[in-house]
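Quantities reported herein were computed from a predicted structural model and do not represent experimental measurements.
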Amino acid sequence: MTTNVLIVDDETHILELLSYNLESNGYNVIQAETGEEALKKLISTNIDIILLDLMLPGIDGLEVLRQIRSTEAHKNIPVIMLTAKNEEFDTVLGLEMGADDYIGKPFGIHELLARMKAVFRRTKDNNNNLDEVKEDLLNIDELMINKNTHEVTIRDKQLELPLKEFELLYILAKNRGRVFDRQYLLDKIWGYDYYGETRTVDVHIRSLRKKIEIDDKNPQHIKTVRGVGYKYK
């Protein structure tokens, strides 16, 4: 069955380059140059994954993402953000709003293909786990994680976490005290073996700390082990 990829970017040469490479790898490509056009294409076409540029004319990529995640028919479509911006704020905001991954321009097609396959693999694994009935609860001091219901509570406050922040917190908390290096976390949670974008892990850690720490500048739960990675204390 053909996989439909919606590419949303206002730069014609990027649309053409991505379309050529993705079609050469067996994907069917649908193009949109604006956010408004992308939302119309979502209604008229069955889309399997979206490559979404942040900087768009009219409504920007973050607003498109917000509308996708707030629409019942589209909320589970995987979204990978494309961004030429280096500002971490936009990246973190996009991840908090439910983007599945992000990739900074310029990027190689092999990296993009690997990330797309990883997103599809995670989606398939999640769907396969829907029928599991066992309760998977994790309690550590003031933190409670229910893996089945995707609920996180800390200091009696319930948190709403995007999928990968949830997975990151769960693996750290479940293995309390164990130090994980960034590459291991990248491969385990994002599902691809890429030795250049471990910053993805750092961005998610910073976002996660802002939600679970009393003072994210002086974290007491998720600790950095210099030169190695992260652990849950």
Contacts under 3.5 angstrom, residues 171-180 side chains, donor-acceptor by atom type, not counting sequence neighbours:
from, atom 1, to, atom 2, distance (Å)
Asn175, ND2, Ile171, O, 2.8
Arg176, NE, Lys233, O, 3.0
Arg176, NH2, Asp141, OD2, 3.1

Over all atoms of both residues, closest heavy-atom pair of [X] and [Y]:
| X | Y | result |
| --- | --- | --- |
| Met97 | Arg66 | CE-CB, 3.3 Å |
| Ala99 | Met81 | CB-SD, 3.2 Å |
| Leu185 | Trp190 | O-CE3, 3.6 Å |
| Asp100 | Ile77 | OD2-O, 4.1 Å |
| Val203 | Tyr102 | CG2-OH, 3.7 Å |
| Pro78 | Val119 | CB-CG1, 3.1 Å |

If we only count heavy atoms from C-beta on, is the [X] to [Y] side-chain gap below 4.5 Å?
| X | Y | value |
| --- | --- | --- |
| Leu159 | Lys157 | yes |
| Thr71 | Leu39 | no |
| Asp10 | Thr34 | no |
| Val152 | Tyr170 | no |
| Arg115 | Ile103 | yes |
| Ile47 | Ile30 | yes |
| Leu18 | Val29 | no |

Would you find a donor on one side and an acceptor on the other, under 3.5 Å apart, between the side chain of [X] and the backbone of [Y]?
| X | Y | result |
| --- | --- | --- |
| Glu23 | Asn21 | no |
| His150 | Asn146 | no |
| Thr153 | Asp156 | no |
| Glu111 | Phe107 | no |
| Ser70 | Gln67 | yes |
| Asp187 | Gln183 | no |

Quick one: do [X] and [Y] make a salt bridge, cutoff under 4.0 Å?
| X | Y | value |
| --- | --- | --- |
| Asp202 | Arg182 | yes |
| Lys210 | Glu213 | no |
| Glu160 | Lys211 | no |

field: Test side chain to side chain donor-acceptor pair (under 3.5 Å) applied to Ser19 - qualifying residues, sequence neighbours left out
entry: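 Side chain to side chain donor-acceptor pair (under 3.5 Å) list for Ser19, sorted by chain: Gln31.
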Could you work out, with side chain to side chain donor-acceptor pair (under 3.5 Å) as the rule, every residue matching Lys40, not counting sequence neighbours?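 Partners of Lys40 under the side chain to side chain donor-acceptor pair (under 3.5 Å) test: none.
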If two hydrophobic side chains count as joined below 4.5 Å and joins carry through other members, does [X] share a cluster with [Y]?
| X | Y | value |
| --- | --- | --- |
| Ile7 | Leu17 | no |
| Ile109 | Leu82 | yes |
| Tyr184 | Ile205 | yes |

Tell me which donor-acceptor pairs under 3.5 Å the side chains of residues 48-61 have, and how far apart each pair is, sequence neighbours excluded?
from, atom 1, to, atom 2, distance (Å)
Asp48, OD2, Asn4, N, 2.7
Asp53, OD1, Lys105, NZ, 3.3
Asp60, OD1, Leu62, N, 3.3
Asp60, OD1, Glu63, N, 2.9

Greater than 12 external heavy atoms within 6.0 Å of Lys223's NZ: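 Buried by this count: over 12 neighbours within 6.0 Å.
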inquiry  = Under the criterion side-chain contact (heavy atoms from CB on, under 4.5 Å), I'd like the reasoning laid out for Val5 against Met116: C-alpha separation, chi angles, the key distance, then a yes or no.
reply    = CA-CA 10 Å; Val5 183; Met116 290 171 63; 3.9 Å; yes
Spacing of [X] atom [atom1] and [Y] atom [atom2] [to the nearest 0.5 Å]:
| X | Y | atom1 | atom2 | result |
| --- | --- | --- | --- | --- |
| Asn76 | Leu163 | CG | CG | 10.5 Å |
| Glu165 | Ile189 | CD | CD1 | 10.5 Å |
| Ile140 | Ile154 | CD1 | CD1 | 10.0 Å |
| Asp101 | His204 | CG | NE2 | 7.0 Å |

Could you name each residue pair satisfying ring-ring contact (aromatic ring centres under 6.0 Å, His included) that touches residues 4-29, not counting sequence neighbours?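 Sorted result for residues 4-29: empty, none.
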Quick one about Glu142 and His221 (side-chain donor to acceptor, distance below 3.5 Å, no hydrogens or angles considered), yes or no?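 Per modelled atom types, His221 and Glu142 side chains form a pair under 3.5 Å.
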Requested in this report: Check the pair Glu33, Asp9 against side-chain contact (heavy atoms from CB on, under 4.5 Å), reporting the backbone distance first and the verdict last.
Outcome: CA-CA 5 Å; Glu33 296 187 6; Asp9 200 303; over 6 Å; no
Please identify each residue that fulfils salt bridge (charged side-chain N to carboxylate O under 4.0 Å, His left out) with Arg226, with sequence neighbours left out.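 In terms of salt bridge (charged side-chain N to carboxylate O under 4.0 Å, His left out), with neighbours along the sequence ignored, Arg226 is linked to no residue.
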Testing Val225, Val201, Leu208 one by one against Tyr230 for a side-chain contact (heavy atoms from CB on, under 4.5 Å), which residue passes?
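That would be Val201.
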